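Worksheet: the structure to be examined is printed underneath.
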There are 2 protein chains.
Amino acid sequence: MRFSTRGHYGLKAMFDLAQHYGGAPVPLKSVAARQSLSVQYLEQLIAILRKAGLVKSVRGAQGGYMLARNPQEIKVGDVVRALEGPLAPVDCVHEIDPKVCDQADDCITRIVWEKIRNSIAQVMDSITLADLCREAKEREGKEKKENKEKRKRKRKRKSEEGV
Amino acid sequence: MRFSTRGHYGLKAMFDLAQHYGGAPVPLKSVAARQSLSVQYLEQLIAILRKAGLVKSVRGAQGGYMLARNPQEIKVGDVVRALEGPLAPVDCVHEIDPKVCDQADDCITRIVWEKIRNSIAQVMDSITLADLCREAKEREGKEKKENKEKRKRKRKRKSEEGV
DNA sequence: CAATATCATAGCATGTTGGTCGGGTATTGT
DNA sequence: ACAATACCCGACCAACATGCTATGATATTG
């Protein structure tokens with residue numbers, strides 16, 4: 001079971017745009033560099049996101065892309081569904097257009113896939129891009145703290161070596 | 001995002017075997033008929049399940065397959081993982097062998113995929129084949145009540161088709 | 001020994017993935 | 001005006017996975 005790179009890369013890109021929200025439009029080139037993705041492939045993905053109304057573009061020099069709305073109003077689920085289509089771990093529990101199988105009502109295993117689909121949706125739809133940005137900030141802070149201690153120990157070791 | 005038919009069909013087959021647990025070995029032919037699957041394809045799937053130690057086989061006439069242990073000791077997750085491999089919505093959160101990406105620690109989006117993977121695992125590993133059998137029984141009971149009237153109409157339609 | 005079933009391997013059409021290539025077109029700074 | 005920048009668009013492609021089918025063995029029973 002796997003998502004394609006579309007959802008994976010696309011979410012990375014959207015997170016990148018979210019971190020620059022409010023500023024000047026971000027050129028794809030820099031997104032691609034930071035997230036280490038190919039510009040040309042990213043162009044395809046962002047085109048889909050634009051058509052889905054999740055990002056806005058500014059053409060020409062000094063142009064680029066920006067989120068179409070607030071990061072806290074864009075759910076991970078919006079991004080992933082735009083790029084990968086509706087959730088459908090198996091055809092008969094497709095979010096939009098479930099394929100009715102011949103066994104229809106007495107297909108018990110169906111409830112398993114339904115639960116899986118719902119639990120994925122629950123995760124994707126309860127996390128916004130803003131949440132990810134917050135997480136990134138927190139993690140940055142932690143890192144600084146941890147590094148302070150590391151540096152202390154490093155200094156200590158050094159002084160001990162000196163003895 | 002989708003599971004392949006392997007997990008889908010395989011779970012159906014295992015559910016079928018679970019419903020016959022304790023009795024004589026069940027030939028694939030009858031499993032295939034009940035679940036409307038191709039015998040030959042099913043052979044491939046069940047071979048995998050056998051090598052994974054989830055089913056036992058009895059060769060020769062009057063042979064067939066049976067669960068290797070109690071239905072309540074076989075989780076949906078066991079079956080699906082055997083057929084589809086370890087859960088890995090994206091490579092960097094692979095259950096067994098996660099591919100470390102260059103960004104490693106500051107890859108924030110990773111936590112999303114991790115949560116998705118865990119939520120899928122949680123569903124798959126909390127449902128056993130015995131649970132599905134129980135569900136099937138309950139549903140049968142309900143159906144009997146509801147269908148008293150429906151069957152009347154169905155019989156009528158059938159007799160008309162027969163003409 | 002014939003019928004039944006499992007077991008094993010090879011092949012194959014089709015579709016998806018994960019891109020690249022080669023062009024456009026719109027906007028800006030000089 | 002005219003580069004330079006950057007978005008936009010469609011075609012194409014190799015490689016792989018999927019969902020089978022086909023063929024033929026091997027084991028067991030009556």
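Just so we're clear, the structure is a prediction, and the values are computed from it rather than from any experiment. Proteins get letters first, then strands, A, B, ... in listed order; numbering begins at 1 in each. Only heavy atoms go into these numbers, but all of them, side chains included; no hydrogens, no water, no symmetry mates.
Of the candidate nucleotides dC9(D), dG18(C), dG19(D), dC9(D) has the atom nearest to the side chain of K51(A). Distance from the side chain of L28(A) is smallest for dC7(D) among the nucleotides dC9(D), dT6(C), dC7(D).
In this structure, E114(A) contributes its side chain and V93(A) its backbone to no donor-acceptor pair below 3.5 Å. Formation of a donor-acceptor pair under 3.5 Å by the S36(B) side chain with backbone atoms of A33(B) is not found in this model. A donor-acceptor distance shorter than 3.5 angstrom exists from the side chain of T128(B) to the backbone of D131(B), with no hydrogens or angles considered. Formation of a donor-acceptor pair under 3.5 Å by the H94(B) side chain with backbone atoms of D97(B) is found in this model.
Note: OH (Y65(B)) to C1' (dA5(C)) measures 8 Å, nearest angstrom. Note: CG (L42(B)) to P (dA22(D)) measures 17 Å, nearest angstrom. A straight line from CD1 of I46(A) to P of dC8(D) spans 9 Å, rounded to a whole angstrom. In this structure, R50(A) places its CZ atom 16 Å from P of dT25(C), rounding to the nearest Å. Here dG18(C) presents its P atom at 12 Å from CD1 of I48(A), a figure rounded to the nearest Å. Distance L49(B) CG to dC7(C) P: 12 Å, rounded to the nearest Å. Rounded to a whole Å, the CZ atom of F3(A) is 18 Å from the P atom of dT16(C). In this structure, the NE2 atom of H8(A) is 16 Å from the P atom of dT17(C), given to the nearest Å.
Between the NZ atom of K75(B) and the CZ atom of R81(B) there is a distance of 7.0 Å, given to the nearest 0.5 Å. Taking CD1 of I127(A) as the reference point, atom CD of Q122(A) lies at 9.0 Å (rounded to 0.5 Å).
Applying the 4.0 Å criterion to OP1 and OP2 of dG19(D), one finds that R6(B) has every side-chain N and O outside that range. Note on S57(A): a side-chain N or O is less than 4.0 Å away from OP1 or OP2 of dC8(D).
Contacts between residues 88-98 of chain B and DNA chain C, defined by a heavy-atom separation below 4.0 Å, involve no residue at all.
Cluster annotation: Y21(B) and L11(B) are assigned to the same hydrophobic cluster (Ile/Leu/Val/Met/Phe/Trp/Tyr, side-chain heavy-atom contacts under 4.5 Å, transitive). V58(A) is not connected to L49(A) by any chain of hydrophobic side-chain contacts under 4.5 Å among Ile, Leu, Val, Met, Phe, Trp and Tyr, and they are in different clusters. Residues W113(B) and I111(B) share a single hydrophobic cluster, defined by chaining ILVMFWY side chains whose heavy atoms lie under 4.5 Å apart.
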Q: Apply side chain to side chain contact (heavy atoms under 4.5 Å, CB included) to the pair R34(B) and V26(B), showing each step before the final yes or no.
A: CA-CA 12 Å; R34(B) 271 190 299 271; V26(B) 185; 3.5 Å; yes
Q. Side chain to side chain contact (heavy atoms under 4.5 Å, CB included) between V31(B) and Y65(B): does it pass, once the steps are laid out?
A. CA-CA 10 Å; V31(B) 176; Y65(B) 292 93; over 6 Å; no
For nucleotides 28-30 of chain D, list the nitrogen or oxygen atoms of the protein found under 3.5 Å from its nitrogen or oxygen atoms, one pair per line.
residue	atom	partner	partner atom	Å
dT28(D)	O2	A61(B)	N	3.2

With the criterion being N/O to N/O and under 3.5 Å, what pairs connect the protein with nucleotides 11-13 of chain C, and how long is each?
none

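Across all their heavy atoms, V39(A) and K29(A) have their closest contact at CG2-CA, 4.3 Å.
A residue-by-residue look at S38(A) and V39(B) shows that V39(B) has its nearest nucleotide of DNA chain C further toward the 5' end.
Contacts of Y9(A) with the nucleic acid, taken as non-hydrogen atoms under 4.0 Å apart, involve only primed sugar atoms and P, OP1 or OP2.
A donor N or O paired with an acceptor N or O is found under 3.5 Å between the base of dC8(D) and the side-chain atoms of E43(A).
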